[in-house]
Every structure is written in structure tokens, then in C-alpha cells.
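Everything on this sheet refers to the single structure shown next.
Counting begins at 1 with the first residue of the sequence. Because only heavy atoms are used, hydrogens play no part in the values below, and waters and symmetry mates are left out as well, while side chains stay in.
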Amino acid sequence: MLYALAVFAPLAGAAVSGLLGRAIGDKAAMGASILGMVIAAICGPLAFFTLTAGDASAGVLDLGSWIEAGRFHVDWALRYDTLSAVMVAMVSFVSMLIHVYSVGYMGHDARPRYRFFSYLSLFSFAMLMLVTANNLAQLFFGWEGVGLCSYLLIGYWYDRPSACAAAIKAFVVNRVADLPFAVGLALIFFKFGSIEFAVIFPAVAQHAADTYHLFGHNYSAIEVIGFLLFIGAMGKSAQLGFHVWLPDAMEGPTPVSALIHAATMVTAGVFLMARMSPLMEYAPVALGFVAFIGGSTALFAATIGCTQFDIKRVIAYSTCSQLGYMFAAAGVGVYQASVFHLITHAFFKALLFLSAGSVIHAMSDEQDMRKMGGLARHIPITCAVMWIGNLALAGIPPFAGYWSKDAIISATWAAHSGIGVYAFICTVLAAFLTAFYSWRLLFMTFHGQSRADHHVMEHVHESPWVMLVPLIALACGAVFAGWALDNWFIGAGWPSFWNGSIYNGQHNHVIENLEHVPYIVELLPLIVGLAGIALAYVMYIANPLLPVRMAQAFGPVYRFVFNKWYFDELYAVIFVRPAIRLSRLLWQVGDVTIIDGVPNGLAELTTDSSRQVVRIQTGSLAVYAFVMLIGVVVLVGVFMLTVML
């Protein structure tokens with residue numbers, strides 16, 4: 001009962017706020033939305049602790065039949081196991097804090113706020129449906145639900161062209177990735193005869209030798225399905241190649257950014273890999289590709305984060321990089337560490353985004369860090385919690401990121417494989433860059449000399465308590481979550497904790513190898529993290545002119561990274577502009593000229609012919625007699641010619 005209440009309470013809040021908001025007013029609608037999330041935030045963690053304490057057993061809460069079409073049968077049910085329960089607890093709690101924070105952040109927005117809160121609650125419900133799905137159709141429902149809500153929330157300020165463009169971009173990029181995902185779901189049904197997890201997982205081993213004949217070669221059916229599922233995860237979790245939508249999503253209100261990047265949407269791909277671990281364990285090539293993309297994304301996004309000046313975009317690229325860590329862990333078979341980092345990351349990344357929102361709120365909507373500095377004495381609470389968030393992100397003990405991120409780096413080493421070494425190198429370099437860009441953000445925003453406009457600085461003020469309380473709660477999570485969850489997630493107690501909800505194959509001993517990683521490997525992330533912080537201090541506090549000189553000295557490299565490796569420009573040339581030209585051709589030639597032109601042309605021809613015929617009807621008897629005479633002459637002439645011939 002608690003579990004179902006945690007899932008459906010946000011839907012009730014969204015329905016009341018969205019459908020009745022205009023009638024009951026903003027305050028009542030916001031109250032209904034927040035009440036739904038508070039209920040979920042109480043019931044979700046309670047259901048999790050009830051399960052882990054052994055007071056309840058894992059199972060399925062069947063809500064009824066959903067789809068019946070021939071042999072395709074899908075029930076609507078809530079899966080209640082450790083993986084789902086821990087995700088429900090995290091999503092409900094973090095989303096509730098974001099809802100509360102939004103009351104203060106959106107307090108001065110001129111639009112009806114009931115619509116915004118309805119979208120937020122609907123977003124949370126869609127994610128909860130995704131993580132509690134008992135079959136792939138239900139998971140896909142939640143998958144597309146978070147995509148729809150992201151479109152609505154990123155483009156919430158619809159009078160801004162940039163927000164509308166960002167919403168469309170996010171929607172289109174995710175639809176491109178969702179096509180392979182949908183094909184993968186179809187192949188699973190044809191291969192296993194069902195899309196229910198209870199049917200698929202026990203039967204994977206029986207189909208391990210099955211193949212598909214594609215392009216003249218035979219490929220493992222499980223490998224093909226694994227690749228297709230991961231491509232879907234790449235789009236939702238903004239991995240390399242599909243990452244281009246994530247930074248532009250910053251056009252939405254800051255609470256939306258926090259919700260997308262911390263509690264919902266982008267974590268869906270990581271969850272999918274963990275949920276489908278019984279299948280992925282039989283697809284080692286696909287897992288190698290997962291590790292390759294994860295490690296590459298972690299490093300790639302970290303390089304861009306070092307050069308950006310928009311405070312929210314720096315944190316957005318940080319999310320992209322941290323998601324790469326999670327996929328690197330999944331790729332080497334340590335799904336437990338992947339989910340561990342997902343949970344700790346939710347706390348400190350939500351904290352960083354909401355802290356950035358507090359800064360923007362204080363700075364009269366200014367987001368450029370070059371126009372900040374010296375804010376620590378003006379907004380000390382925001383500064384303190386952002387310090388905590390950055391310590392967690394940089395992996396400094398005992399903060400949350402130290403426990404989960406370092407475990408991932410150790411796991412890539414413990415894999416003892418070529419792709420593991422590659423992921424290890426990428427994640428270590430990314431750890432150095434992560435510490436650098438996170439403290440670059442901290443120093444440019446809160447320390448050093450103020451670079452803000454004097455008029456703006458006169459109005460800088462700490463955020464109201466309705467915004468600060470969620471920040472303090474998230475800061476507590478960023479401090480204690482890693483230490484509290486380490487033994488459960490990846491420590492000695494992990495087999496009993498996960499209780500089969502995450503599967504490790506018979507030959508997958510990477511998580512056991514974590515106990516035998518060399519001490520220097522365990523220490524390396526901390527060393528490079530401290531080095532990154534030290535470099536940021538030298539460049540942005542001790543010698544603030546050094547970054548300018550380096551940018552000038554390494555101009556081409558700096559411009560390449562600053563322009564995000566020119567992915568947007570490349571995609572514009574390869575995809576966007578040809579698509580626009582094709583669309584215009586289909587519009588002007590296919591639609592206007594052919595589809596509309598031919599019928600319209602025939603209609604105009606008929607009209608013109610009628611006008612000409614009408615001219616014959618003059619009403620003059622003399623004209624009619626003359627025409628008849630001409631007709632008689634023509635007939636007589638034709639008759640005489642016929643006789644003569």
C-alpha cells in the first residue's frame with residue numbers, strides 16, 4: 001500500500017493542479033502538488049526501509065490487465081524489489097525538495113504557476129512509473145512520459161525562442177534514440193514471446209546462442225538487443241553523440257534542470273542497464289561498448305565543463321560526465337556501483353543546481369560567472385552548501401562522491417580488461433578535470449574580487465527559507481549518503497541487499513575484485529582531485545590573469561573545447577540543414593505545387609472556362625441569329641467538301 005501510494009500520489013497532485021488549478025488558484029494548486037510529493041517522499045523511503053529490513057518481501061503488485069492483442073499480453077503492475085524501491089525512495093524525496101524549492105524560485109513568475117507544478121508532479125510520476133515497471137511496455141510508457149514532461153518544462157517559458165528551440169531539440173534527439181530502443185523491445189518480444197521481466201530473464205541463457213543474419217554476417221541476438229537498448233539509454237542519459245540536448249535544457253527554470261539532471265530522466269538510461277543486467281551479462285561486446293562510451297563521455301564532457309561561463313551549463317556538462325562514470329561501471333559489470341553513484345549523485349547534483357538557482361535568484365537572473373565573484377559574504381548559506389556539493393562532486397572524503405565515484409574508478413581497474421583500462425584512464429583524467437571545473441565555478445562565483453555591476457550587487461540577497469531548507473536537506477545527503485549506503489550497495493552486504501534485483505553473471509567477479517585493488521589505485525582519484533582543486537586555486541585566485549594567457553597561448557585548442565568540440569555545428573551540417581532543405585522542398589514542390597497546385601489548377605481552369613463560355617450568352621437575338629448562320633454555312637461547306645471528295 002505504501003509503495004503504490006508513493007507512485008500514484010504525484011499523479012493525483014498533478015491532476016488536481018493541472019485540471020483544477022485555474023478554478024482553485026495558484027496557491028491551492030501548488031499546495032495539492034506539494035502534498036502529493038510529500039506523501040510520496042514519506043511512503044517511498046518507508047517502503048524501501050521496510051523491504052531492506054525484511055519486514056516485507058519482494059514481489060509484484062498487480063493492478064490489472066493493460067493490453068490484450070493476440071499473444072501480446074501486458075499487465076499493469078508495480079515491481080517491488082530492491083532496485084525499484086531504492087529508486088522510488090530517491091526520486092520521491094529529491095523531487096519533493098525540488099517542489100518545495102520551486103515555491104520560492106517561481107514566486108515572481110508572471111505565468112500561472114499551477115501549470116508549472118502540474119508538469120513537475122507529472123514528471124515525477126512518469127519517472128516513478130518507469131522505475132517500478134514490471135515489463136518493458138510499462139517501462140516504455142514511463143520512458144516516453146519523462147520525455148514529454150521534459151519538453152513541456154524545458155519550453156515552459158514559451159515566449160523565449162531559445163527555450164522553445166531547446167525543448168524541440170531535446171524532444172527530437174530523444175526520439176531518434178528511442179527508435180532503436182523500440183526496435184529492441186520488439187525483438188525481445190519476438191525472441192522471448194513476452195516483454196514481462198519474469199519471462200525474459202530466466203530464458204536469456206536458453207537464447208544465448210541465437211543469432212541474427214544481418215548484412216551478410218551472423219550476430220548474436222542478445223548482443224544486437226543489448227546494443228539497441230543501450231542506444232536508447234544513450235539518448236535519455238545524454239551520452240556522447242546524443243549529449244547535445246542536455247546543455248540546452250538549461251533554458252528551462254532551474255528547478256527543472258535539477259529535476260532532469262538529478263532525480264529523473266537522465267538517470268533512466270542507467271536504471272535501464274541495471275534492470276536489464278540479466279540480459280546484458282550475456283552481451284559482453286555490448287557491455288564493452290557501454291564502458292567505452294561511458295569512459296569517453298566522462299572525459300569529453302569534463303573538458304567542456306572547464307571552459308564554460310554559464311553557471312548552469314558548467315553543472316550540466318558535469319552531469320553528462322558523471323553519467324559517463326555510471327555507464328563505465330555498468331560496462332564492466334558492476335551495476336551496483338553504477339546505481340550507487342546514481343543515488344549519491346542525485347543528492348549533490350540537485351544541491352548544485354538548486355544552489356546555482358539561489359545564486360541566479362540573488363544576482364537578478366545573471367548566469368555568467370564572469371559577472372560574479374565575491375558573493376560568499378552576501379549569500380553565505382548558499383556558498384556553504386555549494387562548497388559541500390563541490391566537495392562531494394570532486395570526490396573528497398568523507399563526502400558522498402568519494403564513496404561512489406572512487407568505487408567506479410576502482411571497478412574499471414578491477415575489470416582486468418582492455419576496455420576496463422581505457423575506462424580507468426578516462427575516469428581518472430575526468431576526476432582531475434571534475435575537481436578543476438567545479439572549483440573554478442566556486443572560486444569565480446563566491447571568491448576573489450567582485451566583477452558584478454554595482455547596481456546588481458546592491459540587490460544581492462540570500463534566498464528565502466523555502467529555498468534554503470531544501471538546500472540544507474540535500475547538503476546532508478551529499479555529506480552522509482555515501483558513507484551510509486556504501487556497505488549496502490557495494491560492501492560485504494551487497495548480495496543480501498540487492499537480493500537478485502541486479503544480476504552478475506557466473507564469470508563476473510569484478511565487484512569481488514574491488515577488495516583487492518592496489519592501494520595506489522584507490523588513492524589516485526583523491527590525488528588527482530586535490531591537484532585539480534589546487535590548479536583551480538592558482539588560476540582563479542592566486543593568478544586570475546593566467547586563464548586569459550593560457551586561452552591566448554592555446555587559442556585553437558581553447559576554441560575547440562569552448563565550442564563544445566563543434567558537435568552542434570557538425571550536426572547542423574550533416575543533419576539539420578539537409579533536413580530543413582528537404583522539408584522546404586517537400587513543402588514548396590510536394591505540398592504547394594503538386595498536392596495543392598494540381599487540384600487548385602484544375603479548379604481555376606474550370607472557373608476560367610466557365611467565364612469564357614458565359615461571354616457567349618449576350619442576350620442579343622441578332623448575335624444568336626448570326627452565330628446560327630455561321631453554323632449553317634459551316635455545315636453546308638463540310639457537306640459540299642464531302643460530296644466533292
Side-chain angles (χ1 to χ4, degrees), residues 58 81-84 86 188 197 200-210 220-230 233 269-295 298 324-343 403-427 485-518 521-522:
D81 60 11
T82 306
L83 179 58
S84 290
V86 73
I188 287 175
F197 295 141
I200 298 169
F201 295 159
V204 173
Q206 302 171 17
H207 296 278
D210 293 358
S220 166
I222 304 300
E223 293 281 8
V224 171
I225 292 170
F227 268 101
L228 292 171
L229 295 181
F230 177 60
V270 179
F271 170 81
L272 177 68
M273 292 293 100
R275 173 58 76 205
M276 299 303 294
S277 56
L279 184 144
M280 297 301 296
E281 282 294 287
Y282 286 88
V285 178
L287 278 180
F289 182 65
V290 173
F292 171 77
I293 292 294
Y325 275 92
M326 300 175 207
F327 280 110
V332 296
V334 190
Y335 311 96
Q336 296 89 339
S338 177
V339 178
F340 186 23
H341 195 49
L342 185 157
I343 300 300
W403 300 90
S404 57
K405 189 170 73 174
D406 287 20
I408 290 175
I409 295 174
S410 296
T412 58
W413 174 272
H416 302 310
S417 63
I419 195 64
V421 172
Y422 173 80
F424 174 76
I425 294 171
C426 288
T427 51
L485 300 174
D486 178 68
N487 185 64
W488 279 356
F489 279 68
I490 58 173
W494 73 264
S496 59
F497 174 77
W498 291 109
N499 194 26
S501 60
I502 291 179
Y503 176 78
N504 297 99
Q506 295 179 354
H507 304 292
N508 183 353
H509 303 292
V510 180
I511 193 167
E512 287 88 352
N513 294 341
L514 287 177
E515 301 297 327
H516 309 291
V517 170
V521 173
E522 292 184 343

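Contact record, M280 with G226: SD-CA, 3.8 Å, taken as the closest heavy-atom pair. The minimum heavy-atom distance linking E223 with A286 is given by the pair OE1-N, 2.8 Å. Across all their heavy atoms, F271 and L83 have their closest contact at CE1-CG, 3.7 Å. For the residue pair Y282 and A205, the shortest heavy atom distance occurs at OH-CB, 3.5 Å. The nearest pair of heavy atoms linking H416 to N513 is CD2-ND2, 3.9 Å. Heavy-atom minimum distance, A407 versus L514: O-CD2, 3.9 Å.
Residue W413 qualifies as open at atom CH2: its count of foreign heavy atoms under 6.0 Å is 12 or below.
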Just do the side chain to side chain contact (heavy atoms under 4.5 Å, CB included) check on L279 and I222 with the steps written out, would you?
-> CA-CA 7 Å; L279 184 144; I222 304 300; 4.0 Å; yes
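We find the CG-CZ distance between L287 and F227 to be 9.5 Å, quoted to the nearest 0.5 Å. Atoms CD and OG, on E515 and S410 in that order, are 10.0 Å from each other to the nearest 0.5 Å. Taking CG from L272 and OG from S277, the interatomic distance works out to 10.5 Å, rounded to the nearest 0.5 Å. How far CH2 of W494 is from CG of N499: 11.5 Å, rounded to the nearest 0.5 Å.
The backbone N or O of F489 sits less than 3.5 Å from a side-chain atom of W498, completing a donor-acceptor pair. In this structure, T82 contributes its side chain and F497 its backbone to a donor-acceptor pair below 3.5 Å. Of the possible donor and acceptor atoms, one in the side chain of N508 sits under 3.5 Å from a partner among the backbone N and O of V510. Using modelled atom types, no side-chain atom of S84 and backbone atom of D81 make a donor-acceptor pair closer than 3.5 Å.
Residues passing the salt bridge (Lys or Arg N to Asp or Glu O under 4.0 Å) test with D486: none are found, sequence neighbours excluded.
For F289 and F230, the gap between ring centers is short of 6.0 Å.
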Taking only distance into account, with no hydrogens and no angle test, what donor-acceptor pairs under 3.5 Å do side-chain atoms of residues 328-343 form with protein atoms, sequence neighbours excluded?
residue	atom	partner	partner atom	Å
Y335	OH	E281	OE2	2.6
Q336	NE2	N504	OD1	2.6
S338	OG	M326	O	2.9
H341	ND1	S404	OG	2.8
H341	NE2	Q322	OE1	2.8

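Contact of the M276 side chain with the I188 side chain is registered, since non-hydrogen atoms from C-beta on lie closer than 4.5 Å. Under the 4.5 Å side-chain criterion, counting only non-hydrogen atoms from C-beta, L485 is not in contact with V86.
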